[in-house]
A.B. asks: 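This is the structure, below, for whatever I ask next.
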Amino acid sequence: MAADAHPPFLVVGHLNRAHGKKGELFVWPLTDYPGSHFAPGIVHFPGDEEGNDPSTSLPPLTIDSVRPYRKGFLVKFDQVDRDRAKGLQGRYLFRPFEAMDDLKEGEVFYHELLGSRVVTGEGTALGTVKEVYPLQPAHLLEVTGPSGSVLLSLAPGVVIAFDREQRRVVVDPPEGLLQ
């Protein structure tokens, strides 16, 4: 993927489970900007069964109402009753890339990292980013190179810089990690 190329859609949430009898779904937000994606009138595209792309067989979902619930939201979509809600659980929610918020200084879309070269601050090549794992307390980069795979924290201090144009991640791995 070119440095300035973006996928047409990004995942912003997961339809975890049906809730109650009125067709609400518990949605787990998968975005740093949930307020921009979970409000009445916002349109989402449910994912296909593999979770890789928006479904071509399911219609878009428009939010009718949303309310905070635990670490996510209870969302009622237009035209979704309890039975349809049960059929949607487990799917991802996609939004067009153009609907994404502008990134703040130092932020990056995870798809931009995939395939990027990873080097240390001294210039030693470690490999390429194979995967990004959104975990707590810190997200992880899986870097695959000639010596195998290593997991690096995506935390400041470990990731020093990301050059979009060069598709290069500069890291300062913790002492002993690469031995």
Side-chain angles (χ1 to χ4, degrees), residues 1-116 129-142 151 153-156 158-159 162 164 169:
M1 182 180 300
D4 59 350
H6 297 288
F9 293 90
L10 290 180
V11 171
V12 295
H14 182 259
L15 297 169
N16 194 283
R17 67 183 178 280
H19 181 87
K21 297 181 181 181
K22 298 180 182 177
E24 284 183 311
L25 284 138
F26 174 70
V27 176
W28 191 264
L30 299 173
T31 172
D32 289 338
Y33 301 98
S36 298
H37 302 287
F38 298 102
I42 299 291
V43 177
H44 293 266
F45 296 87
D48 60 20
E49 290 187 15
E50 291 79 35
N52 298 324
D53 295 297
S55 173
T56 56
S57 62
L58 295 173
L61 302 170
T62 303
I63 295 178
D64 182 45
S65 65
V66 61
R67 57 192 171 112
Y69 182 76
R70 298 189 179 169
K71 293 186 179 183
F73 300 101
L74 290 178
V75 178
K76 174 71 174 99
F77 294 100
D78 289 345
Q79 309 298 314
V80 174
D81 60 13
R82 172 73 176 169
D83 290 335
R84 186 155 176 232
K86 282 184 174 182
L88 290 169
Q89 59 191 16
R91 294 187 185 259
Y92 288 99
L93 291 173
F94 288 80
R95 301 250 2 252
F97 184 81
E98 297 80 37
M100 299 301 122
D101 295 88
D102 291 334
L103 295 178
K104 294 178 183 164
E105 182 70 31
E107 291 182 326
V108 61
F109 287 112
Y110 287 171
H111 69 269
E112 294 178 301
L113 295 168
L114 299 175
S116 294
V129 176
K130 179 180 179 184
E131 190 61 72
V132 180
Y133 299 103
L135 303 172
Q136 294 297 328
H139 298 206
L140 299 176
L141 295 177
E142 181 179 359
L151 294 174
S153 172
L154 192 53
V158 176
V159 173
F162 174 61
R164 279 185 174 85
V169 180

A.B. asks: What distance do Lys76 atom NZ and His19 atom NE2 have between them, rounded to the nearest 0.5 Å?
C.D. replies: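 Between atom NZ of Lys76 and atom NE2 of His19 there are 13.0 Å.
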
A.B. asks: What are the two closest heavy atoms between Gly72 and Pro29, and how far apart are they?
C.D. replies: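 So the two residues come closest at CA-CD, 3.6 Å.
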
A.B. asks: Walk me through it: do Glu24 and Arg67 pass the test side chain to side chain contact (heavy atoms under 4.5 Å, CB included)?
C.D. replies: CA-CA 10 Å; Glu24 284 183 311; Arg67 57 192 171 112; 2.9 Å; yes

A.B. asks: Please walk me through it: do Val108 and Arg164 pass side chain to side chain contact (heavy atoms under 4.5 Å, CB included)?
C.D. replies: CA-CA 9 Å; Val108 61; Arg164 279 185 174 85; 4.1 Å; yes

A.B. asks: Are the side chain of Arg91 and the backbone N or O of Gly47 linked by a donor-acceptor pair below 3.5 Å?
C.D. replies: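 Confirmed, Arg91 side chain pairs with Gly47 backbone.
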
A.B. asks: Tell me the closest heavy-atom pair linking Val132 and Pro134, and the distance in Å.
C.D. replies: O-CD, 3.6 Å

A.B. asks: Quick one: CG on Leu141 to NZ on Lys130, what's the gap to the nearest 0.5 Å?
C.D. replies: 13.5 Å

A.B. asks: Going by the ring pair (Phe, Tyr, Trp, His ring centres under 6.0 Å) test, name the single residue among Tyr92, Trp28, Phe94 that passes it with His14.
C.D. replies: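 The ring pair (Phe, Tyr, Trp, His ring centres under 6.0 Å) with His14 is passed solely by Tyr92 among Tyr92, Trp28, Phe94.
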
A.B. asks: Can you say whether the rings of Phe38 and His44 are parallel (under 30°), tilted (30 to 60°) or perpendicular (over 60°)?
C.D. replies: parallel

A.B. asks: What are the two closest non-hydrogen atoms of Pro40 and Val66, and how far apart are they?
C.D. replies: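 What the structure gives for the nearest pair is CD-CG1, 3.9 Å.
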
A.B. asks: Report the relative orientation of the aromatic rings in His111 and Phe97; use parallel for angles under 30°, tilted for 30 to 60°, perpendicular for over 60°.
C.D. replies: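 The rings of His111 and Phe97 stand perpendicular, inter-plane angle above 60°.
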
A.B. asks: From Leu93 CG over to Leu15 CG, what is the distance, rounded to the nearest 0.5 angstrom?
C.D. replies: 4.0 Å

A.B. asks: What are the two closest non-hydrogen atoms of Ala39 and Gly35, and how far apart are they?
C.D. replies: CB-O, 4.2 Å

A.B. asks: Start with the C-alpha gap between Leu103 and Glu112, add the side-chain angles, then the distance that decides, and say whether side chain to side chain contact (heavy atoms under 4.5 Å, CB included) holds.
C.D. replies: CA-CA 12 Å; Leu103 295 178; Glu112 294 178 301; 4.3 Å; yes

A.B. asks: For the atom pair CZ (Phe77) and CD1 (Ile42), what is the distance rounded to the nearest 0.5 Å?
C.D. replies: 11.0 Å

A.B. asks: Counting N and O atoms only, with roles assigned by atom type, does the side chain of Arg82 sit under 3.5 Å from a partner on the main chain of Gly20, one being a donor and the other an acceptor?
C.D. replies: yes

A.B. asks: If you count every heavy atom of other residues, nucleotides or ligands that lies below 6.0 Å from Glu107 atom CD, does the total exceed 12?
C.D. replies: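 Count over threshold, so yes.
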
A.B. asks: Restricting to non-hydrogen atoms, name the atom on Leu88 and the atom on Leu58 that form the minimum distance, rounded to 0.1 Å.
C.D. replies: CD2-CD1, 4.1 Å

A.B. asks: For the CG atom of Leu154 and the OH atom of Tyr110, what is their distance to the nearest 0.5 Å?
C.D. replies: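 Rounded to the nearest 0.5 Å, the CG-OH separation comes to 5.0 Å.
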
A.B. asks: For the backbone of Gln79 and the side chain of Arg84, can you confirm whether one donor and one acceptor N or O come within less than 3.5 Å of each other?
C.D. replies: yes

A.B. asks: Between CG of Leu25 and NZ of Lys86, what distance do you get to the nearest 0.5 Å?
C.D. replies: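 Result: 11.5 Å between the selected atoms.
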
A.B. asks: Considering non-hydrogen atoms only, spot the tightest contact between Phe73 and Pro68 and give its length.
C.D. replies: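 Scanning both residues completely, I find the closest heavy atoms to be CD2-CA, 3.9 Å.
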
